[in-house]
Amino acid sequence: MFGRKKHSESPFSIKDTQKTLHKNLEFTATEQYKLLRTNLKFTLPDEDGCKIIGVTSSMRGEGKSTTAVNLSYVLAENGKKVLLIDGDLRIPSVAKKMEIDSSPGLTDLLRGDTKIDIASLRSPHLPNWYIMPSGALPPNPSELLGSKRMEAALKRLADIFDYIVVDLPPVNIVSDALAISQYITGIIVVIREEYTEKRELTTCFRQLKLSNANVLGCVMNSTSSGKGYYSKYRYKRYYKYYKTYGYYDSAGNS
Ligand SMILES: Nc1ncnc2c1ncn2[C@@H]1O[C@H](COP(=O)(O)OP(=O)(O)OP(=O)(O)O)[C@@H](O)[C@H]1O
Ligand SMILES: [Mg+2]
């Protein structure tokens, strides 16, 4: 989704917060996100009420969170009342990208610990753009995202917002995205150019199909990084990935 940069600097050395539209992303990227918004409007007509859109991918580091932030921003920029939820309850990144506190957030809402005041979630960037960070990390993210409490929370939020965009973990590693798929309108799958593997993508779609998830489409996330950097990045990310998620069994116990 990002336009190619003319300079030789690796895109990964740019601060994360600069890759989001509210930080004035470059023109080409902005236009691509607007195109995504238009395509979504054709797929999900306005009259159908609140649309809850999950953003996932096959593996880590493919651009899910960046896409979720930017998509929610362009939807809000278009005048819709939009909530961005960080649904990655294992390695959340929305709060960091948005430079806000990670609590209170989704897990607090689900636990009923805090009465979250929706107005306090309003971002300073746009009056109709709201951000719900992850909150404190739970021991059982998958169960939480697939729970009746999650369903009830989304129903309540759907009465308030036109769009809810949920940033999710990758499908091939943990079942979280599949668990929540029953409660959301549809899922967008992010594919990273020269990074996502065909085999992983096939597995991802098979999993989504088995869970009866409504796949709305794919977003091709392009970068201009050189091959050398890519392989280094990839190795690091995958390593971190397995290291971090490896401690959870399928029941989410650590
Ligand atoms: N098109 C792009 N060009 C340059 N950098 C990018 C691009 N897309 C994402 N990035 C960067 O790559 C890193 C991973 O992106 P992001 O956090 O959006 O991925 P993710 O799929 O959410 O990762 P995770 O699986 O860890 O949650 C971030 O540092 C982000 O800023
Ligand atoms: Mg992410």
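No experiment lies behind these values; they were computed from the predicted model shown. In listed order, ligands and their atoms are each counted from 1.
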Original post:
Can you hop from Val219 to Leu35 via hydrophobic side chains spaced under 4.5 Å?
Top reply: no
Original post:
If hydrogens are left out, which of Lys97, Arg60, Arg192 has an atom nearest to atom 7 (C) of ligand 1, that is, the closest non-hydrogen atom?
Top reply: Arg192
**OP:** Run the numbers for me: atoms of ligand 1, each under 4.0 Å from some heavy atom of Asn221, listed by number.
**Re:** 1 (N), 2 (C), 7 (C), 8 (N), 9 (C)
Original post:
Would one find an N, O or S atom of Thr66, in either backbone or side chain, under 2.8 Å from the Mg ion (ligand 2)?
Top reply: no
Original post:
Which of the atoms of ligand 1 are close to Asp88, meaning less than 4.0 Å from one of its heavy atoms?
Top reply: 27 (O)
Subject >> Co-membership, hydrophobic cluster, residues Ile131 and Leu137, 4.5 Å side-chain >> reply: no
Subject >> For Gly61, atoms of ligand 1 separated by under 4.0 Å from a heavy atom >> reply: 19 (O), 20 (P), 21 (O), 23 (O), 24 (P), 25 (O), 26 (O)
**OP:** Look only at interatomic distance and state if Pro170 has a nitrogen or oxygen under 3.5 Å from any nitrogen or oxygen of ligand 1.
**Re:** no
Subject >> ligand 1 to Thr67 polar contact by distance, N or O atoms, under 3.5 Å >> reply: no
Original post:
Just by modelled atom types, is the Leu75 backbone N or O under 3.5 Å from a matching donor or acceptor in the Asn78 side chain?
Top reply: no
Original post:
Quick one: does Ile91 get within less than 4.0 Å of ligand 1, heavy atoms only?
Top reply: no
**OP:** May I ask you to decide if Arg199's main-chain N or O and Thr203's side chain share a donor-acceptor pair within less than 3.5 Å?
**Re:** yes
Original post:
Applying a strict 4.0 Å limit to heavy atoms, is Ser57 in contact with ligand 1?
Top reply: no
Original post:
At a 4.0 Å threshold, what atoms of ligand 1 neighbour a non-hydrogen atom of Thr66?
Top reply: 9 (C), 15 (O), 16 (P), 18 (O), 30 (C)
Subject >> Closest contact, heavy atoms only, Ser57 versus Val190 >> reply: CB-O, 3.2 Å
Original post:
Is Lys51 close enough and on-axis enough to Tyr163, meaning under 6.0 Å and within 45°, for cation-pi?
Top reply: yes
**OP:** Give a yes or no on whether Leu109 and Ile118 share a hydrophobic cluster (residues Ile, Leu, Val, Met, Phe, Trp, Tyr; joining criterion: side-chain heavy atoms under 4.5 Å apart).
**Re:** yes
